[in-house]
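Okay, structure first, notes after.
A quick note: this is a predicted structure, and the numbers were derived from the prediction, not measured. The first residue of the sequence shown is numbered 1, and numbering continues consecutively from there.
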Amino acid sequence: MPHPTDTLDAVAVRTWCALALEGLGREREEIDAINVYPVADGDTGTNLYLTAESAAAAVEAVFAAHATGTTAPATADAVRAMAHGALIGARGNSGTILAQLLRAMASVLAAGGDGDHLARALSRAAASARRAVAHPVEGTVLTVATAAAEAAEVAGAASGDLAAVAAAAHEGAVAALETTPDRLPVLQRAGVVDAGGRGLVVVLGALLETVTGRAPVRATRPVPGPPDRAPGGPAPADDCAGEPGEGPAFEVIYLLEAADEAVERLRTRLDGLGDSLVVVGGDGLWNVHVHVDDAGAAVEAGVEAGRPHRIRITHFAAARGQARPEPARRAVVAVVPGDGLCDLCARAGATTVLARPGEPPASGELVDAVRRAHAREVVLLPNDAGLRHTAAAAAEQARAEGIRVAVIPTRAAVQGIAALAVHEPERSFDEDVVAMTAAAGATRYAEVAVAEHRSWTTAGICQAGDVLGLIDGDVALIGPDVPGAARTVLDRMLAAGGELVTLVLGEGVPDSFGDELETHVRAGHLAVDTVVYRGGHQSAPLLIGVE
């Protein structure tokens, strides 16, 4: 339980993000189950969770960067990180609107964290979210945000006390949420409140708990229960605004680097292509969300406006109950550190998740990959010790959806390659997991990396630009150059025995380097085989595995 606070400083923002993520995770399935507008695709809770997860991760990164200091980060740095994280990680219509709400709040809270600033932040957020939506509809999260802002303004004018403002905002949101079925007929027919609005109540409840140290009493109505509705699934077609086949066929989301004037033209273009248009962001970076029949045209419009990336296109057929192919018996999902290994693992039959340098995947991305694998049984290879808890959370979420998932605790990509090499889908699930776990466990791993800054290591003090040889996660040596460090690391690892050396070359490392290391291994260990792969853009010039 957090300690009460009279100001939203960086620590409070961190707590707020963590509590919001926890709350959305706890209520994700119920929010998904009442998702009937604008599309009954049963993913509002999940999208809000993934957006909040990205915001929380960005704030944690700010704190990690200050880990060696004696003071916490500046409040402005924390709230801007929260807003940026939400923007780049926004999912779906609801997540995109949440990102805009947080971005607008951050612009005010960066200047102060008292009750007056919070009231003004909520007002700016509600107005900004309405402007971001091409055609605002009452009875949605916009209504809830406006009510929260109006209640906060009254409380702020009366006392300016932070706790009073936070409590008023939460109470106003709860009251408005209960009226959403009266404002939006599709909600009334389904007997539910707005899913996005309920998610916002959770976020504001987390804010109130952060400020007061007490969790608010949950005041939303329970998920209604027509006999044919499963928890966590979309509403039946009869509860929806139209028949299952009605409405645009695709949801298109992408980040866009573009100037303000280009974005205004883009809004007009996309508004003519489809509906549920939401464009949020600013300062050259935007998150674009739209439902269209021509996904290609929506992406082309982004290309004309600027540089789109992280493009996600979702077909609504599955969400609307149309037939999907039967799931496969078993699949493997592997996190890989470079695009070269993506291709390698994909050719071996795995569904891959790319971990970009400095951007580890969130649990939502892993769950998406598990769903994408479309199998009854999934083996998950995180390939990074730091992803242990993330993979476990993703597996738990996937199991709740009826998928049997086993996480093999691979700590490096080379261990994942070894596990994938012995994968045999014809074996029983348990036997396959045991064999893959044994192969991964029998593979020692190392990497040769370049230090980015001066720091203490288990091998002594390194300076920026020094070459580090890490064996099984610990710095074993500090050297002046990559070739020398690589040879020393190989010799130390092979001194304990081995039958196969795996070398993964990073981007910019010439093929001749792999040939030189292979020759070095053969010269000292005739019975040891060597395989070389191109890893592409990865964090280290060289990854090494010894089996």
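The distance from the OH atom of Y49 to the CZ atom of R91 is 12.5 Å, given to the nearest 0.5 Å. Atom CG in N47 sits 11.5 Å away from atom CD1 in I97 (nearest 0.5 Å). For the atom pair CD of E547 and CG of L500, the computed distance is 5.0 Å after rounding to the nearest 0.5 Å. We find the CD-CD distance between E60 and E53 to be 11.5 Å, quoted to the nearest 0.5 Å. Note that CG of L102 and CG of L87 are 10.5 Å apart. Values are rounded to the nearest 0.5 Å. C462 contributes atom SG, which lies 10.5 Å from atom CD of E452 (distance to the nearest 0.5 angstrom).
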- For T410 and N383, run side-chain hydrogen bond (donor to acceptor under 3.5 Å, both in side chains): C-alpha distance rounded to whole Å, both residues' side-chain angles, the deciding distance at 0.1 Å, then the answer. CA-CA 5 Å; T410 48; N383 296 337; 2.8 Å; yes

- Just do the side chain to side chain contact (heavy atoms under 4.5 Å, CB included) check on L505 and F513 with the steps written out, would you? CA-CA 8 Å; L505 307 181; F513 182 50; 4.2 Å; yes

- Query: Taking it one step at a time, do V333 and V379 satisfy side chain to side chain contact (heavy atoms under 4.5 Å, CB included)?
  - Reply: CA-CA 6 Å; V333 171; V379 180; over 6 Å; no

- Report the C-alpha separation of R522 and D529 in whole Å, then their side-chain angles, then the decisive distance to 0.1 Å, and conclude whether the salt bridge (Lys or Arg N to Asp or Glu O under 4.0 Å) test is met. CA-CA 8 Å; R522 192 184 309 117; D529 292 326; over 6 Å; no

- Item | Audit row: H291, N93, side-chain hydrogen bond (donor to acceptor under 3.5 Å, both in side chains) steps and yes/no | CA-CA 9 Å; H291 295 173; N93 189 74; 5.7 Å; no

- Task: Decide yes or no on side chain to side chain contact (heavy atoms under 4.5 Å, CB included) for L542 and V504, but give the supporting numbers first.
- Result: CA-CA 6 Å; L542 177 66; V504 182; 5.9 Å; no

- Query: Do V448 and V467 pass the side chain to side chain contact (heavy atoms under 4.5 Å, CB included) test, and can you show the C-alpha distance, the side-chain angles, and the key distance before you say yes or no?
  - Reply: CA-CA 7 Å; V448 177; V467 176; 3.5 Å; yes

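For the residue pair I544 and V414, the shortest heavy atom distance occurs at O-CG2, 3.6 Å. The heavy-atom pair separating V59 from C17 by the smallest distance is CG2-SG, 3.9 Å. Taking all atoms of both residues into account, the shortest heavy-atom contact from A398 to V370 is CB-CG1, 3.9 Å. Closest approach of L387 to P382, counting heavy atoms only: CD1-O, 3.6 Å. The two residues A249 and D293 have their closest heavy-atom pair at N-OD1, 2.9 Å. Of all the heavy atoms in A439 and V422, the pair that sits closest is CB-CG2, 3.7 Å.
Applying the side-chain contact (heavy atoms from CB on, under 4.5 Å) test between L380 and each of V407, V367, V332 identifies V407 as the sole match. Test L354, D384, L366 against V335 for side-chain contact (heavy atoms from CB on, under 4.5 Å) and you get one pass: L366. The residue from D194, D32, N35 that alone fulfils the side chain to side chain donor-acceptor pair (under 3.5 Å) condition with T44 is N35. Of the listed residues (I253, V280, L266), just one forms a side-chain contact (heavy atoms from CB on, under 4.5 Å) with V288, and that residue is L266.
Under a 3.5 Å cut-off, the side chain of Q415 and the backbone N or O of T443 do form a donor-acceptor pair. Side-chain atoms of H289 come within 3.5 Å of backbone atoms of S276 as a donor-acceptor pair (strictly under, hydrogens ignored). For Q100 (side chain) and G281 (main-chain N/O), a donor-acceptor pair under 3.5 Å exists by modelled atom type. Put simply, the side chain of D432 gets close to the backbone of E424: a donor and an acceptor are under 3.5 Å apart. For N287 (side chain) and V279 (main-chain N/O), no donor-acceptor pair under 3.5 Å exists by modelled atom type. Remark: side-chain polar atoms of W286 are not paired, donor with acceptor, to backbone N or O of E257 under 3.5 angstrom. A distance-only check finds no donor-acceptor pair linking the side chain of E447 to the backbone of A449 [under 3.5 Å]. Between the side chain of T352 and the backbone N or O of A334 there is no donor-acceptor pair closer than 3.5 Å. Not one N or O on the side chain of R329 forms a donor-acceptor pair closer than 3.5 Å with the backbone of E377. Under a 3.5 Å cut-off, the side chain of R492 and the backbone N or O of A476 do form a donor-acceptor pair.
Side-chain contact check for T46 and R28: at least one donor-acceptor pair (N or O, by modelled atom type) lies under 3.5 Å.
At least one side-chain heavy atom of V501 sits under 4.5 Å from a side-chain heavy atom of L503. The shortest side-chain heavy-atom distance between D472 and Y445 falls under the 4.5 Å cut-off. Counting heavy atoms from C-beta outward, E516 and T519 have side chains that stay 4.5 Å or more apart. Residues E251 and V292 form no side-chain contact, since every pair of their non-hydrogen atoms from C-beta on lies 4.5 Å or further apart. Contact check for H374 versus T351: no side-chain heavy atoms found under the 4.5 Å cut-off. Residues T530 and L517 fail the side-chain proximity criterion, which asks for heavy atoms closer than 4.5 Å. Residues E30 and R198 form a side-chain contact, since some pair of their non-hydrogen atoms from C-beta on lies under 4.5 Å apart. Within the 4.5 Å cutoff, side-chain heavy atoms of S54 are placed close to those of I88.
R312 has no carboxylate O lying under 4.0 Å from a charged side-chain N of D368, or vice versa, which leaves the two without a salt bridge. With salt bridges taken as basic N to acidic carboxylate O contacts below 4.0 Å, none links R534 and E507. Between R487 and D481 no salt bridge is recorded (no basic side-chain N to carboxylate O distance below 4.0 Å).
Cation-pi geometry between R14 and F63 is met: under 6.0 angstrom from the ring centre, within 45 degrees of the axis.
Within a 6.0 Å radius of NE2 in H423, more than 12 heavy atoms belonging to other residues, nucleotides or ligands are found.
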